[in-house]
2 protein chains.
Amino acid sequence: MSRLSETDTAKPLRGRAAAVGLTRAQVVEAAIAQIDAKGLSAFSLRELARSLGVSPAVIYWHVGGSKEDLFAAIAATITGGLAAAQDPQAPWTERLKQVFHAYRAAVHRHPNISPLLGAQMKSNGVANLDWIETVLAALHDGGFEGAALRDAFNALIGGLCGFVTMELAPAPASEDGSWENRISQRMAEVDAEAYPLTQAALPQLANRIFVLRWQNGADVSYDESFAVLLDILIGGIAVRAATLSHKEPAHG
Amino acid sequence: MSRLSETDTAKPLRGRAAAVGLTRAQVVEAAIAQIDAKGLSAFSLRELARSLGVSPAVIYWHVGGSKEDLFAAIAATITGGLAAAQDPQAPWTERLKQVFHAYRAAVHRHPNISPLLGAQMKSNGVANLDWIETVLAALHDGGFEGAALRDAFNALIGGLCGFVTMELAPAPASEDGSWENRISQRMAEVDAEAYPLTQAALPQLANRIFVLRWQNGADVSYDESFAVLLDILIGGIAVRAATLSHKEPAHG
DNA sequence: GCATCAATTGAACAGTGTTCAATTGAAAAT
DNA sequence: ATTTTCAATTGAACACTGTTCAATTGATGC
């Protein structure tokens with residue numbers, strides 16, 4: 001039998017609980033710390049238990065039936081309280097920008113956990129519901145309803161959260177060395193007979209890639225690219241909102 | 001020692017190769033088929049070997065040093081030949097639409113493999129280089145250079161590929177039943193004292209979610225939402241291209 | 001002092017990725 | 001015709017994983 005309640009009960013504890021008292025929240029926090037430190041692929045329930053000085057079964061008792069449940073709890077912890085990051089007085093387009101900047105900032109605080117958040121976005125745990133509500137409310141203020149609301153919502157969530165998922169996706173461990181080495185190696189691999197056009201374009205392509213700094217290095221930032229994406233999306237949605245109100249004047 | 005070459009050699013085989021002759025391509029295809037059939041989380045190298053009637057070590061010999069390498073090969077196979085899906089005569093904005101629709105279609109043919117593609121997007125294997133080149137060439141025709149090119153490229157790739165990654169992300173296995181059950185259960189879980197506003201908003205929110213059909217069921221499609229996102233993005237980028245050419249008239 | 005029961009234990013099961021010294025057997029060399 | 005070569009495969013082994021479960025602990029309420 002496992003602890004069922006999501007929130008830690010403040011009720012008086014009995015039995016061994018009062019003495020040792022490992023909390024569900026402590027387990028989740030330790031898991032987050034461990035993933036932050038050593039990466040998601042190096043994370044295991046057994047090592048988590050080891051680092052807590054505890055038997056692996058304890059994790060299950062505190063967190064639920066499976067590793068997925070722990071991941072869900074982690075995602076809920078990280079994206080919790082995100083709706084508070086908006087100014088209720090601001091116009092709806094501005095509120096959307098604030099909320100999505102807050103989402104990106106929250107995920108960037110735990111880049112190694114990013115893959116989990118993308119997957120957990122569909123679970124709609126309670127912790128996420130309020131910030132989903134925030135997005136929906138802003139779009140509602142913009143006049144969106146029905147299919148138009150669905151598309152605007154999906155475009156925003158999918159495009160922006162997807163961007164963050166992509167930018168933080170772990171680059172595969174480089175086989176032998178630097179980015180330059182890998183690119184020139186790839187270039188050498190291209191079969192000139194089968195793909196003459198690609199072969200001809202490759203030097204130019206390599207230059208472009210260097211310009212773009214499409215790599216996972218230390219000095220690379222996607223901040224400006226995200227701002228551009230956010231601007232384009234909110235702008236396009238505002239335009240659609242305007243045409244919507246022209247076509248359907250004040251339904252309901 | 002493992003087979004190093006990416007492409008299967010057409011050179012005459014010696015030794016046992018000619019008799020049994022399991023190909024690297026065959027291994028990759030079998031892996032794709034298995035992930036398509038049983039899902040990514042149920043996939044293992046051992047069962048892949050089992051289904052091929054072969055020892056697990058064979059996979060390593062054919063595909064390289066680790067499971068990651070197999071995943072890279074799978075991603076390359078699926079996104080290979082994507083650049084061909086464009087009409088060179090069309091204007092650059094239209095070419096971008098064609099290419100990204102082709103990307104989405106290719107990933108939708110293997111929804112279970114989608115998580116791999118998002119991660120593997122940063123590896124820039126040769127198979128992907130040509131369609132990345134396609135995107136870059138279209139943007140170049142639109143007049144983008146330097147930081148503006150980087151941002152337009154990142155916004156497109158991140159937003160659109162991210163959208164596809166998000167829409168195909170596997171929803172966590174529903175604990176007890178239908179979507180409606182889960183939503184009403186979540187609603188019951190919300191602490192009315194701690195979150196009175198959220199509690200009050202939940203019925204409306206639930207309605208909205210039902211309208212949006214934000215679920216992973218059979219009859220749900222993100223086709224229109226993706227089209228909306230694509231329209232907004234390409235439109236916004238076209239606008240930026242126009243302002244670019246005003247500011248920097250024909251540099252170079 | 002006793003029963004309760006939240007919290008923990010330790011052992012076990014089935015399965016995983018990965019490595020490696022052996023082995024096969026047809027093609028090439030002699 | 002025999003030997004050598006070596007691509008391809010094997011089977012066993014190692015260290016590890018997620019998960020389950022019957023036991024055990026020990027402070028609290030009775």
Side-chain angles (χ1 to χ4, degrees), chain A residues 1-5 7-27 30-31 34-35 38-74 116 172-173, chain B residues 1-5 7-27 30-31 34-35 38-74 116 172-173:
Chain A
M1 193 163 297
S2 72
R3 160 178 279 174
L4 288 179
S5 62
T7 60
D8 283 308
T9 57
K11 292 302 179 79
L13 296 177
R14 306 196 318 173
R16 212 182 187 186
V20 187
L22 185 60
T23 317
R24 182 190 144 103
Q26 283 174 1
V27 172
Q34 194 154 320
I35 299 179
K38 313 219 170 182
L40 186 61
S41 59
F43 172 78
S44 79
L45 292 187
R46 291 187 109 105
E47 191 163 315
L48 172 61
R50 227 171 282 138
S51 84
L52 286 168
V54 130
S55 163
V58 172
I59 312 294
Y60 289 89
W61 192 90
H62 275 286
V63 105
S66 78
K67 200 180 179 183
E68 295 282 320
D69 295 306
L70 175 59
F71 284 166
I74 290 174
L116 291 188
Chain B
M1 195 163 297
S2 71
R3 161 180 279 175
L4 289 179
S5 62
T7 61
D8 283 309
T9 56
K11 292 303 180 79
L13 297 176
R14 307 194 318 172
R16 212 183 189 186
V20 188
L22 185 58
T23 317
R24 180 189 146 103
Q26 284 175 2
V27 172
Q34 194 153 321
I35 298 179
K38 314 219 171 184
L40 186 61
S41 60
F43 171 78
S44 78
L45 292 186
R46 291 187 108 105
E47 191 163 315
L48 173 60
R50 226 172 285 139
S51 83
L52 287 168
V54 128
S55 164
V58 171
I59 311 294
Y60 289 88
W61 193 89
H62 275 286
V63 106
S66 79
K67 202 180 179 184
E68 295 282 321
D69 294 306
L70 176 58
F71 284 166
I74 290 175
L116 292 188

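Quick caveat: nothing in here was measured; it's all calculated off a predicted structure. Lettering follows sequence order; numbering is per chain, from 1.
B:S44 comes within contact range of the sugar-phosphate backbone alone, with a heavy-atom separation under 4.0 Å but no base atom that close.
Atom CD1 in A:I59 sits 12.5 Å away from atom CH2 in A:W61 (nearest 0.5 Å). Atom CD1 of B:I74 and atom CG of B:L116 lie 6.0 Å apart (nearest 0.5 Å). How far OG of A:S41 is from CD1 of A:I35: 10.0 Å, rounded to the nearest 0.5 Å.
The stretch residues 46-53 of chain B touches DNA chain C through B:R46, B:R50, each having a heavy atom within less than 4.0 Å of the strand.
B:S66 and B:Y60 make their closest contact through CA-CE2, 4.2 Å (heavy atoms, listed as atom of the first residue, atom of the second, distance).
Regarding B:L70, its CG atom lies at a distance of 15 Å from the P atom of C:dT16, rounded to whole Å. At whole-Å resolution of the value, CZ in A:F43 and C1' in D:dT17 are 12 Å apart. Put simply, CG on B:L22 is 9 Å from P on D:dT10, counting in whole angstrom units. Here the P atom of nucleotide D:dT17 and the CD1 atom of A:I59 are 13 Å apart, to the nearest Å. If you take NZ of B:K67 and P of C:dG15, they are 15 Å apart, rounded to a whole angstrom. The interatomic distance linking A:W61 (CH2) with D:dC21 (C1') rounds to 16 Å, in whole Å. In this entry the distance linking NZ of A:K38 with C1' of D:dT17 reads 17 Å, nearest Å.
Map A:A57 and A:A42 each onto its nearest nucleotide of DNA chain D; the residue landing nearer the 5' end is A:A42.
For B:Y60, counting side-chain heavy atoms from C-beta on, the closest listed nucleotide (D:dT9, D:dG18, C:dT18) is C:dT18. Closest to the side chain of B:L45, from the set D:dT10, C:dA7, C:dT18, is C:dT18.
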Only pairs under 3.5 Å count here: list side-chain donor-acceptor contacts from residues 44-58 of chain B, not counting sequence neighbours, and write none if there are none.
residue : atom : partner : partner atom : Å
B:S44   : OG   : B:E47   : N            : 3.0
B:S51   : OG   : B:Q34   : OE1          : 3.2
B:S51   : OG   : B:L48   : O            : 2.9
B:S55   : OG   : B:A57   : N            : 3.4

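Taking only side-chain nitrogens and oxygens, B:H62 never comes nearer than 4.0 Å to OP1 or OP2 of D:dA7.
Using a distance-only test at 3.5 Å, with no hydrogens or angles considered, a donor-acceptor pair links the side chain of B:H62 to the main chain of B:L22.
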